[in-house]
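Presented below is the structure to which this report refers.
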Amino acid sequence: MSAKYLNSQPAGPGTLEGETQEEETAGASPSNVDLPRLQRAVRELLFAVGEDPDREGLRETPGRVARMYAELFSGLHDEPREHLRKFFTEKYDEVVLVRDISFNSMCEHHLLPFMGQTHIGYIPNGRVIGLSKLARVVESVSRRPQVQERMTEEIANLLVSELDAKGVAVVVEATHTCMTIRGVRKPGSICVTSALKGLFRSNLSSRSEIMQLIYGDRR
Ligand SMILES: [Zn+2]
């Protein structure tokens, strides 16, 4: 399998630096993305759909797409937990909500983007986190092959485990290009997922308070 891969290798000037013959191990390092391998794969993909990757307009495409994928999947090399370790201690036990944290992710079933907004609310239990850190967590969790349901759950669980929050509510609203440009082609449809933990799950008034805060002036 790896031999087939190597056959369509561009070689020469188009090859990215750091190229290695160790096909199977080259991408193994968690700290970097195997750009040459990505580049070969994109070239192969172009061949497979009946294109000529050597025509002028496509010549730079494999390299460009390789770098783009490295960016879109950069979360794979980031530990979202780390962003939550720099909390500060505060005697504040009311709801904290950050609304409309925008994100872009890649649906792992089609490798097509889905994008939208994440709302994160929590009731601290002595530990409060910088607001930008929540955005970092969203970034880290979304920049990888993902499904929206899991992403929602992952963010909520991270807040529960790292902040020991009394309640956590995560709501994600997204449009999926795999729904809009292919398959059923339903542009405009929005997928909403939510994960409620602790007080937001068990206490009805806490739950309606957070939903009111998230949706209040919009619905
Ligand atoms: Zn999909």
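Every heavy atom of this structure was used, including side-chain atoms; hydrogens, water molecules and symmetry mates were not. Fair warning: this is a prediction, and the values are worked out from it, not measured in the lab. Counting convention: from 1, in listed order, for ligands and their atoms alike.
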- Query: Any side-chain heavy-atom pair from Pro80 and Val141 closer than 4.5 angstrom?
  - Reply: yes
- Would you call Glu162 and Lys86 a salt bridge, using N to O less than 4.0 angstrom? no
- Task: Sort out for me which residue in Arg143, His83, Glu139 forms a side chain to side chain contact (heavy atoms under 4.5 Å, CB included) with Asp78.
- Result: His83
- Item | 4.5 Å side-chain heavy-atom contact, Gln146 and Phe114 | yes
- Taking 2.8 Å as the upper limit, name the protein N, O or S atoms near the Zn ion (ligand 1). Cys107 SG, His110 ND1, Cys178 SG
- Message: Side chains of Thr193 and Gln148 only: does a donor on one sit below 3.5 Å from an acceptor on the other?
- Response: yes
- Is the number of heavy atoms from other residues, nucleotides or ligands under 6.0 Å of Arg144 CZ greater than 12? yes
